Number of protein chains: 2
Amino acid sequence: MKSLRVPEATVTRLSVYSRFLERLDRKGITTVSSGDIAEGVGVSPAQVRKDLAYFGEFGTRGVGYNVKDLMRYTQKILGLDHNWSLILVGAGNLGYALCTHKGFNARGFTIVGVFDNDLSKIGKQIQDLEVYPLEKMPEIIEKYSARIGVIAVPSRNAQETADIMVKNKLEAILNFAPVTINVPEHIELRNVDLSVKLEILTFNLGLRSEKNSSI
Amino acid sequence: MKSLRVPEATVTRLSVYSRFLERLDRKGITTVSSGDIAEGVGVSPAQVRKDLAYFGEFGTRGVGYNVKDLMRYTQKILGLDHNWSLILVGAGNLGYALCTHKGFNARGFTIVGVFDNDLSKIGKQIQDLEVYPLEKMPEIIEKYSARIGVIAVPSRNAQETADIMVKNKLEAILNFAPVTINVPEHIELRNVDLSVKLEILTFNLGLRSEKNSSI
DNA sequence: TAGATTGTTAATCGATTAACAATC
DNA sequence: TAGATTGTTAATCGATTAACAATC
């Protein structure tokens with residue numbers, strides 16, 4: 001597996017390809033072409049081949065790709081060939097939702113600890129997890145070798161939560177709070193903002209209304 | 001407000017600027033420079049000015065931008081100057097979570113109807129919303145002039161749900177199911193995949209381990 | 001006026017696409 | 001072999017950045 005600068009968009013698409021391949025595999029389909037994948041996920045065939053080319057040669061000229069093999073390759077590339085333990089901070093509505101969300105487990109992500117400093121939440125049970133105070137974080141991280149933290153606290157507490165995660169040696173953070181947080185260079189940080197995509201929709205609906213009204 | 005091809009990344013950043021400006025406004029700060037915004041949200045000052053330039057001239061040379069004004073401009077551009085009614089299909093864990101999520105309301109999005117075809121879910125109460133059967137969708141869309149639908153059903157039901165939304169004249173769809181769905185050209189569609197960003201993190205952590213092991 | 005910061009142009013950078021030789 | 005599809009190069013396209021004139 002080559003190791004060079006891969007566009008983040010490529011990694012995102014790889015994740016989509018991976019899911020598509022899983023579906024084909026479940027259907028019992030054994031071979032796909034870049035064109036099939038492209039059509040299935042809504043990109044160009046050249047894009048599919050180029051994305052894969054960052055990581056190696058997985059196909060057979062004149063034939064296409066073996067579904068099961070390519071599926072496993074993409075999963076391996078994305079790090080989905082083994083389980084990941086997640087630490088989650090914030091036992092509010094969003095935190096609760098993320099804990100009960102089955103999509104994470106399906107991709108090999110397991111939330112192994114939920115933390116909150118709100119006394120009214122500590123001790124509560126979320127499925128088979130008990131909400132712990134933040135002090136218990138190091139212990140759980142150690143126990144499950146967790147490397148990734150998920151922030152599901154209100155915006156005003158997001159930065160301090162990130163700081164604690166960094167102090168506790170987590171290496172990557174997924175932030176659901178709609179606020180910019182700062183972490184040292186060596187920490188991987190990504191934000192998921194649940195309403196940004198909605199705002200893109202409303203932006204586009206707005207553009208559309210303008211066009212109509214100007215006719 | 002000019003109407004030209006605006007990069008989607010610009011719209012996404014605009015949403016981030018908007019939130020940052022709201023925060024400054026709450027703090028009572030009245031003026032910002034592109035450099036301040038850039039530092040606050042982690043982009044370059046040129047990027048900030050360029051993004052704003054798609055929509056007009058909002059600043060004063062030598063001075064900067066008026067926080068309150070720019071905040072309102074960005075909100076208006078994003079369509080956040082008025083409320084949007086959302087229809088949600090899928091009353092499972094994710095659907096429940098989205099209904100109880102306060103972040104939507106904070107940005108002017110109100111879920112006005114929750115639908116599911118699962119008999120065990122119909123009639124249930126999610127906060128002040130009752131889960132209705134899908135047949136009731138046209139009525140609710142009409143009543144609240146909803147234009148946007150949110151898909152929170154399992155992947156296998158996502159396409160049919162989208163089809164129903166299209167048939168019911170919704171104009172935009174936000175899809176939380178991790179599957180590619182097809183809609184007519186004139187429908188705005190965006191996907192939110194809760195684990196894609198996690199996979200980018202695991203991809204990067206994987207790259208890192210490789211580097212370390214190759215030392 | 002001097003200092004600061006915008007708005008905008010031109011240069012750079014990077015990603016996507018088209019095209020085709022390689023090859024099954 | 002003929003047909004098909006990959007892997008890869010070169011061309012295109014688009015977005016970001018640097019730089020600076022405009023101007024408060």
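Convention: sequence-line order gives letters A, B, ...; per-chain numbering from 1. Bear in mind the structure is a predicted one, so any value in this text is a computation, not a measurement.
Considering only the side chain of A:Arg49, C:dA19 comes nearest among C:dA19, D:dC24, C:dG7.
Mapping B:Val63 and A:Thr60 onto DNA chain C by nearest heavy atom places B:Val63 closer to the 5' end of the strand.
Base pairing in DNA chain C yields stems of at least 3 consecutive Watson-Crick or G-U pairs, both distances under 3.5 Å, namely C:3-24 with D:3-24.
A donor and an acceptor atom never sit less than 3.5 Å apart when one is taken from the side chain of A:Arg61 and the other from the base of D:dG7.
The stretch residues 21-42 of chain A touches DNA chain D through A:Ser33, A:Ser34, each having a heavy atom within less than 4.0 Å of the strand.
Side-chain contact, A:Arg107 with B:Ser195: no donor N or O sits under 3.5 Å from an acceptor N or O.
Checking each of A:Arg190, A:Arg19, A:Arg13 against B:Glu199 for a salt bridge (charged side-chain N to carboxylate O under 4.0 Å, His left out) leaves exactly one that passes, namely A:Arg19.
Enclosure of atom CD in B:Glu171 by more than 12 non-hydrogen atoms of other residues, nucleotides or ligands within 6.0 angstrom is indicated.
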> For nucleotides 11-16 of chain C, read 5' to 3', which letter fits each nucleotide if B means a protein heavy atom sits under 4.0 Å from the base, S means only the sugar-phosphate is that close, and - means neither?
Replying inline: ----SS
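Computed from coordinates, the B:Asn66 CG to D:dC24 P distance equals 16 Å when rounded to whole Å. Per the geometry, OH belonging to B:Tyr73 stands 15 Å off C1' belonging to C:dT6, to the nearest Å.
B:Glu188 and B:Arg147 are not joined by a salt bridge, as no carboxylate oxygen comes within less than 4.0 angstrom of a charged side-chain nitrogen.
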